Every structure is written in structure tokens, then in C-alpha cells.
Q: 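One structure follows; several queries about it will come next.
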Amino acid sequence: MNDNNMFESNRAAWNEALEYHQKARNNSLKIGFNDSNFTVFNGEYDNIVINKLNQIDLSGKTISQMQCNNGRELLSLMKLGAKEAIGFDISDTAISEAKQLAEIAKLNVKFIRSNILEIDDQYNDCFDFIYISEGSLQWFPDLNDYFSVLSRLLKKDGQIFISEIHPFFYIFGNGFDFKKQNFDSITSYFKKGPYNYSTGIDYVGGVKYESSECFWFMHKISDIINAIIQTGIEIQEFDEYTLGNSDNETSKLLNNAFPRSYILIGKKK
């Protein structure tokens, strides 16, 4: 299957997943964003993210989020003082919900449905700050292509802020069970993929269902760092954490023995 077909299959899968997410959340985001103080950054790991973000002055800045999903994080980031924001996501259903939430929140945020690799040139040199959150990078086969897009979207001295699932976490995310000792289920850190599954992406309600096929890729930390450097972005900070918003049984068993997330901050030269 070529890349375009994989992206379209993932797009269909995310459209399906968002309907399950909306059922599980039961209008909680619509109710929440009626409150001007509402934020979705309220977990233990989120405190780390916010502390890092508070070291970056977003006042009066034009910001963006890649793979913004339903916009909940980007709308929450606006509370840190940004002037305006644009979110991009491949899912039609996600963007539709994001627009509804932005209208409720009454914030200067626009949402655009697009494959990140196909974002229009009109947004070149547009953003002071780009945010990438957990579960974003795995959907792209070539990170050099991905970060090349981000580099052209950033203004000179613009920053990227990546808060992502650590690649090591994916090693144990393919049905591995310590009790069963089924080591054949471990995902290789060095095999890029694509990996595929069709059991849904409902990480909110946890419902398993027959979905459009999803395709994802393993990217080593060195893959990520090298792709960023090679696209003219200087890495300013990189930290790894045992905390994270993503979870599974293996993470509970390993507890603090391995990294679950990382934060990387970079600036366009």
C-alpha cells in the first residue's frame, strides 16, 4: 500500500474513532469550554508540560498545533496568552468538533482539515510556536518530510514544542504480556514498519471495534532528533519522563523502570 492510501485509511479510522470519543466524553468538553478558565491540562504529566510551557512566552504569539485532534489542547494553550492559533488535523470529524468547541470557547482559533504533509504554502513563515502532542509522530513514514513542513511553517526563531510518547513505550504495546512471556509480541525498536491493526483507536472509552485499518511507524529517538536537526531546527532542550498520559498494563508493571514520554523544544535557525 502506498503512502497516500495509508493516510486515507488512517483518516477513515480517525473519523470512526472520534465518534466513540464523543460518546465517551458525553459533552464534557462542550460544557467545559463554556468556562473561560477551563483547561484539559489537568493530569500529573500535564503539570510537567505546563511548567515547561510557562518558560516560553506565548504572549501575543501566533501558534499552531499539528494533529490537533478535536482542538481541546490548542484551545487550552490559548489560555497562556497567545494572540491567535490554527490547528491542523487529517480527520474531518475531529475538525468539525474542534470548530464547535472554538465557537463555544470564543477564542481566536481556526481549524483546518489537512494532511500535515499537504499544508498550504500560504502558512509558510506564519507561526511563532508549534505544538505537537502525544501520539502524533507515529503516523508518518518519513520524519524528514514531516519536520521539513514544520520548518517552513515556522518564522525565524520560531519554536517547536514536542510532548510525545517515548518510542520505547511502543515496544510493549503490541499485545506483550509479562505473565504469558510472549516475547514474540514485542515490537522491534529498530524495525520502522509499517505496523497495522483494525481494532479501533478509542483511547478515551477503550471500546474495541472493527475499524478501518490503521498504519503506524516506529521511530527511534535518533530518527526524531536527526530529522529535526536536518530541517534547520536547533534542539534547545530534551528531557525524558517516567510519567505520561498514555497507559497500558505493561507500563503499570514496569512502573518507573523505563521512559514513557519525552519533551523536546527546538528553535528554527
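What you are looking at is a predicted structure, and each value in this text was computed from that prediction instead of being measured.
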Q: For Pro194 versus Phe217, what's the shortest heavy-atom pair and its separation?
A: CB-CE2, 3.5 Å

Q: Side chains of Glu237 and Ile263, heavy atoms from C-beta outward: is any pair under 4.5 Å?
A: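 Glu237 does not reach Ile263 side chain to side chain.
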
Q: Just jot down the salt bridge (charged side-chain N to carboxylate O under 4.0 Å, His left out) partners of Lys30, sequence neighbours excluded, or say none.
A: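 Listed in chain order: nothing, the list is empty.
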
Q: So if you build clusters from Ile, Leu, Val, Met, Phe, Trp, Tyr with side-chain heavy-atom gaps below 4.5 Å, do Leu18 and Phe111 land together?
A: no

Q: Please indicate whether Gln236 has more than 12 foreign heavy atoms, meaning atoms of other residues, nucleotides or ligands, lying under 6.0 Å from its CD.
A: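 Correct, the count exceeds 12.
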
Q: Can you label the angle between the His166 ring and the Phe168 ring as parallel, tilted or perpendicular, going by 30° and 60°?
A: perpendicular

Q: Under the salt bridge (charged side-chain N to carboxylate O under 4.0 Å, His left out) rule, collect the residues that match up with Lys155, sequence neighbours excluded.
A: Asp128

Q: Quick check: closest heavy atoms across Asn10 and Phe215, and the distance to 0.1 Å?
A: OD1-N, 2.8 Å

Q: Within a 6.0 Å radius of atom CD on Glu210, are there more than 12 heavy atoms belonging to other residues, nucleotides or ligands?
A: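 No - once you tally the heavy atoms of other residues, nucleotides and ligands closer than 6.0 Å, there are 12 at most.
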
Q: Counting C-beta onward and ignoring hydrogens, is there a side-chain heavy-atom pair between Ile90 and Phe7 closer than 4.5 Å?
A: yes

Q: Evaluate the criterion side chain to side chain contact (heavy atoms under 4.5 Å, CB included) for residue pair Ile50 and Leu53; output intermediate values, then yes/no.
A: CA-CA 5 Å; Ile50 290 299; Leu53 286 167; 4.0 Å; yes

Q: Treating Ser96 as the side-chain partner and Asp92 as the backbone partner, does any N or O pair qualify as donor plus acceptor under 3.5 Å?
A: no

Q: With heavy-atom distances below 4.5 Å as the criterion, would you say the side chains of Phe169 and Ser261 are in contact?
A: no

Q: Take Phe88 and Tyr123, measure what ring-ring contact (aromatic ring centres under 6.0 Å, His included) needs, and give me the verdict at the end.
A: CA-CA 11 Å; Phe88 300 92; Tyr123 299 107; 5.5 Å; yes

Q: Mind running side chain to side chain contact (heavy atoms under 4.5 Å, CB included) on Arg152 and Asp121 for me, showing each step along the way?
A: CA-CA 8 Å; Arg152 72 172 170 83; Asp121 287 348; 3.3 Å; yes

Q: Establish whether Phe129 and Leu150 are linked, either directly or via other cluster members, by ILVMFWY side-chain heavy-atom contacts under 4.5 Å.
A: no

Q: Is there a side-chain contact between Phe38 and Ile104 (heavy atoms, below 4.5 Å)?
A: no

Q: Evaluate the side-chain proximity of Val204 to Lys23: yes if any heavy-atom separation is below 4.5 Å, no if none is.
A: no

Q: Please check if the distance between the ring centroids of Phe238 and Tyr262 is under 6.0 Å.
A: yes

Q: Could you give the distance from CD1 (Ile228) to CG (Leu264), rounded to the nearest 0.5 Å?
A: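 So the CD1 of Ile228 and the CG of Leu264 are separated by 4.5 Å.
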
Q: Could you give me the CA-CA distance, side-chain angles and deciding distance for Leu154 and Ile233, then say whether side chain to side chain contact (heavy atoms under 4.5 Å, CB included) is met?
A: CA-CA 10 Å; Leu154 280 171; Ile233 296 173; 4.2 Å; yes

Q: Got Leu143 and Leu137 here, is their nearest side-chain heavy-atom distance under 4.5 Å?
A: yes

Q: For Asp142 and Asn144, which heavy atoms make the closest approach, and how far apart are they?
A: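 Result for this residue pair: OD1-N, 2.8 Å.
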
Q: Decide whether Ile201 and Ile165 are clustered together by the hydrophobic rule: side chain heavy atoms of Ile, Leu, Val, Met, Phe, Trp, Tyr closer than 4.5 Å, transitively.
A: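 In one cluster: yes.
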
Q: Please name the pair of heavy atoms, one in Pro141 and one in Asp3, separated by the smallest distance, quoted to 0.1 Å.
A: CG-OD2, 3.7 Å

Q: Look at the side chain of Arg113 and the backbone N and O of Ile95, then say whether any donor-acceptor pair between them is shorter than 3.5 Å.
A: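 Looks like no, no N/O pair under 3.5 Å.
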
Q: If you apply the rule side chain to side chain contact (heavy atoms under 4.5 Å, CB included), what do you find for Trp14 with Asp89, and how did you get there?
A: CA-CA 10 Å; Trp14 278 109; Asp89 197 274; 5.6 Å; no

Q: Applying the side chain to side chain contact (heavy atoms under 4.5 Å, CB included) test to Ser76, which of Leu107, Val40, Asn42 qualifies?
A: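 Going through the options one by one, the only one that passes is Val40.
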
Q: Among the clusters formed by ILVMFWY side chains lying less than 4.5 Å apart, do Ile162 and Ile56 turn up in the same one?
A: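 No.
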
Q: How are the rings of Tyr170 and Trp216 set relative to one another: parallel (under 30°), tilted (30 to 60°) or perpendicular (over 60°)?
A: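 Geometry flag for Trp216 against Tyr170: tilted rings.
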
Q: How close do Trp139 and Cys214 get, heavy atom to heavy atom, and via which atoms?
A: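 The answer is CZ3-CB, 4.1 Å.
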
Q: Side chains of Glu16 and Ser212: closer than 4.5 Å at any heavy-atom pair?
A: yes

Q: Could you check Lys192, Glu164, Gln138 and say which one makes a side chain to side chain donor-acceptor pair (under 3.5 Å) with His219?
A: Lys192

Q: Any luck finding a side-chain donor-acceptor pair between Glu19 and Thr93 under 3.5 Å?
A: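 Distance-only check fails for Glu19 and Thr93.
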
Q: Just verifying a value: how many Å separate Ser148 OG and Leu153 CG, rounded to the nearest 0.5 Å?
A: 10.5 Å

Q: Please say yes or no: joined through hydrophobic side-chain contacts below 4.5 Å, possibly via intermediate residues, are Ile112 and Ile119 part of one cluster?
A: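 Yes, Ile112 connects to Ile119 through the hydrophobic network.
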
Q: By the side chain to side chain donor-acceptor pair (under 3.5 Å) test, which pairs, at least two apart or in different chains, include something from residues 60-75?
A: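 Qualifying pairs, neighbours excluded: Thr62-Glu84, Gln65-Glu73, Gln65-Ser133, Gln67-Tyr146, Asn69-Arg72, Asn70-Arg72, Asn70-Glu97, Arg72-Tyr203, Glu73-Ser133.
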
Q: Working to the nearest 0.5 Å, report the span between CD of Gln159 and CG of Leu58.
A: 8.5 Å

Q: First locate atom OH of Tyr20, then atom OG of Ser211, and finally report the distance between them rounded to the nearest 0.5 Å.
A: 9.0 Å

Q: Per the side chain to side chain contact (heavy atoms under 4.5 Å, CB included) rule, which among Ile229, Ile224, Ile160 passes with Ile235?
A: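 So, applying the side chain to side chain contact (heavy atoms under 4.5 Å, CB included) to Ile235 and each of Ile229, Ile224, Ile160, only Ile229 qualifies.
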
Q: In the structure I gave you, are the side-chain heavy atoms of Val149 and Met66 within less than 4.5 Å of one another anywhere?
A: no

Q: CG/Asp239 to CD1/Ile265 distance, rounded to the nearest 0.5 angstrom?
A: 7.5 Å

Q: For residues Met78 and Ala82, report the shortest heavy-atom separation together with the two atoms involved.
A: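 Smallest interatomic distance, heavy atoms only, reads CE-O, 3.6 Å.
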
Q: Drop me the distance from Ile130's CD1 to Lys268's NZ, to the nearest 0.5 angstrom.
A: 9.0 Å

